[in-house]
Amino acid sequence: MLLYYIHDLVLLKQIQRRMHFCTLCAVSMMQNVSQNRTDKKITKEDLDRIFKASYMTVFSNPHDVCSKWSGKGWSGSDITYFAPLVILVEGTGDNQCKVNWYCWVDIMQTYATINKYAKVTSGGFGSSTAFSLCYKNVGSIGQSRSASDFYPDLKIQKGEIKIIVETNIQYDRGKSIKELLGFYLISPSKYPGCTSRQNPYFLNYVIFSPRPGIFDPTTPPQ
């Protein structure tokens, strides 16, 4: 039993570290992928490829992992997949800010084609993406709140633009995360406060100041 527990602890720490590295890799690619182009704006195709590549730091063959986990996608009985996300916030003064938009890519069965891409510019924070703002009392898009309400380590000046990248392993139904990732005794915890069917595990985020021109302050990547 002790050996199983040690195995699980090592595996847990390994996945946590890899998820953080996955997020850092995605941020680095966003900052650099378009710098040799005339139009520096990141596109939805860029995001799709960036996130698929970044998840290779967690799973050596994410395509096979997604195929195994998600079966036939939403028509199947087992659904666990990746739902990485980009959020743009703008400072409104006194370390307050508002979310101007967010967008995400659903990465399921295949890495060969552009998967479901969704962008949100108004309303609340839907649980379908299973990202952290769903479970915090932060109002709606465009509503100014203290930056720490969004993320405890977010610091922002008036008019300043910051980008937050979140990555996770998203569970909807089917075999448990414990079974899928090979834990024997430990059951990984979903994000605190999650009450929806979509459950984010190993959620990680990185906050950064984007290079000029790579993101539009009012419009998500097209």
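Position 1 is the first residue of the sequence; numbering continues from there. The model shown is predicted, which means the values in this text are computed figures rather than measured ones.
The two atoms that bring Thr80 and Lys175 nearest to each other are OG1-O, 4.4 Å, heavy atoms only. Of all non-hydrogen atoms in Ser187 and Lys178, the two that sit nearest each other are OG-CD, 3.4 Å. Across Pro210 and Lys162, no two heavy atoms sit closer than the pair CD-CA, 4.3 Å. Contact between Val138 and Phe125 at its shortest, heavy atoms only, is CG2-CE1, 3.6 Å. The two residues Leu181 and Ile169 come nearest to each other via the heavy atoms CD1-CD1, 4.4 Å. Annotation for Ala83 and Gln170: closest pair CB-OE1, 3.3 Å, computed over non-hydrogen atoms.
In this structure, Ser28 contributes its side chain and Cys25 its backbone to no donor-acceptor pair below 3.5 Å. A side-chain donor-acceptor contact under 3.5 Å links Asp8 to the backbone of Leu185. At least one donor-acceptor pair closer than 3.5 Å links the side chain of Gln143 to the backbone N or O of Ser140. Side chain of Asp216 to main chain of Thr218: a donor-acceptor pair is present (N/O by atom type, distance under 3.5 Å, no hydrogens or angles). Of the possible donor and acceptor atoms, none in the side chain of Asn95 sits under 3.5 Å from a partner among the backbone N and O of Ala147. Here the side chain of Arg145 pairs a donor or acceptor atom with the backbone of Asn137 at under 3.5 angstrom.
Considering CD of Glu90 and NZ of Lys98, their distance stands at 5.0 Å, rounded to 0.5 Å. Here the SG atom belonging to Cys66 is positioned 10.5 Å from the OH atom belonging to Tyr81, to the nearest 0.5 angstrom. Distance check: Ile164 CD1 to Leu88 CG gives 7.5 Å after rounding to the nearest 0.5 Å. Interatomic distance, His7 NE2 to Ile186 CD1, rounded to the nearest 0.5 Å: 10.0 Å. From Ile207, atom CD1 reaches atom NZ of Lys155 across 10.0 Å, with rounding to the nearest 0.5 Å. Within the model, atoms CD of Gln31 and CD1 of Ile50 stand 10.0 Å from one another, a figure rounded to the nearest 0.5 Å.
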Starting from the C-alpha separation in whole Å, work towards a yes-or-no answer on side-chain contact (heavy atoms from CB on, under 4.5 Å) for Ser34 and Asp39.
-> CA-CA 8 Å; Ser34 64; Asp39 186 353; over 6 Å; no
Going through the distances and angles, do Asn168 and Phe202 end up as a side-chain contact (heavy atoms from CB on, under 4.5 Å)?
-> CA-CA 5 Å; Asn168 62 56; Phe202 297 100; over 6 Å; no
Evaluate side-chain contact (heavy atoms from CB on, under 4.5 Å) for Ile87 paired with Trp101, printing each intermediate quantity in order.
-> CA-CA 6 Å; Ile87 307 161; Trp101 54 257; over 6 Å; no
Going through the checks in order, is the salt bridge (Lys or Arg N to Asp or Glu O under 4.0 Å) test met by Lys44 and Asp48?
-> CA-CA 6 Å; Lys44 63 180 182 181; Asp48 185 87; over 6 Å; no
Evaluate the criterion side-chain contact (heavy atoms from CB on, under 4.5 Å) for residue pair Thr167 and Leu203; output intermediate values, then yes/no.
-> CA-CA 6 Å; Thr167 60; Leu203 190 146; over 6 Å; no
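Cluster annotation: Val206 is not connected to Leu85 through the hydrophobic network of ILVMFWY side chains, with a link wherever side-chain heavy atoms come within less than 4.5 Å. Residue Val105 is grouped with residue Val65 when hydrophobic side chains (ILVMFWY) are merged at heavy-atom distances under 4.5 angstrom, including chains of intermediate members. Criterion: ILVMFWY side-chain heavy atoms under 4.5 Å apart, direct or through other members. Under it, Val99 and Ile156 are part of a common hydrophobic cluster. Residues Tyr135 and Phe131 do not share a hydrophobic cluster, defined by chaining ILVMFWY side chains whose heavy atoms lie under 4.5 Å apart. Taking hydrophobic clusters as Ile, Leu, Val, Met, Phe, Trp and Tyr residues chained together by side-chain heavy-atom distances below 4.5 Å, Val58 shares a cluster with Leu180.
Looking only at atom types and distance, the side chain of Glu166 has a donor-acceptor partner in the side chain of Ser132 under 3.5 Å away. No hydrogens or angles considered: a donor-acceptor pair under 3.5 Å links the side chains of Lys119 and Gln222.
Between Lys136 and Asp149, the closest side-chain pair of non-hydrogen atoms is not below 4.5 Å. Thr23 places none of its side-chain heavy atoms less than 4.5 Å from the side chain of Ser54. At a threshold of 4.5 Å between non-hydrogen side-chain atoms, the residues Ser209 and Glu160 count as touching. Between Ile141 and Tyr102 the shortest side-chain heavy-atom distance falls below 4.5 Å. Annotation: side chain of Ile163 is in contact with side chain of Phe215 (closest heavy-atom distance under 4.5 Å). By the 4.5 Å heavy-atom criterion applied to side chains, Leu47 and Cys103 are counted as neighbours. Counting heavy atoms from C-beta on, the side chains of Cys194 and Pro200 come closer than 4.5 Å. Side-chain contact between Cys134 and Tyr191 is absent, with no heavy atoms from C-beta onward closer than 4.5 Å.
Proximity of the aromatic rings of Trp69 and Phe59 is defined here by a centroid distance below 6.0 angstrom, and this criterion is met.
In summary, Asp64 and Lys68 do not engage in a salt bridge, as defined by a charged side-chain N under 4.0 Å from a carboxylate O.
Within a 6.0 Å sphere centred on CG of Asn36, other residues, nucleotides and ligands contribute 12 heavy atoms or fewer. More than 12 heavy-atom neighbours from other residues, nucleotides or ligands sit within 6.0 angstrom of CD on Gln16. Other residues, nucleotides and ligands place more than 12 heavy atoms under 6.0 Å from the CG atom of Asn61.
Residues in residues 138-171 take part in these ring-ring contact (aromatic ring centres under 6.0 Å, His included) pairs, two or more places apart or across chains: Tyr151-Tyr205. Within the structure, ring-ring contact (aromatic ring centres under 6.0 Å, His included) pairs that include any residue of residues 19-45 do not occur (at least two apart or interchain).
Using cut-offs of 30° and 60° on the angle between ring planes, the pair Tyr184 and Tyr4 is tilted.
Checked against salt bridge (charged side-chain N to carboxylate O under 4.0 Å, His left out), Asp46 has the following partners two or more places apart in sequence or in another chain: Arg37.
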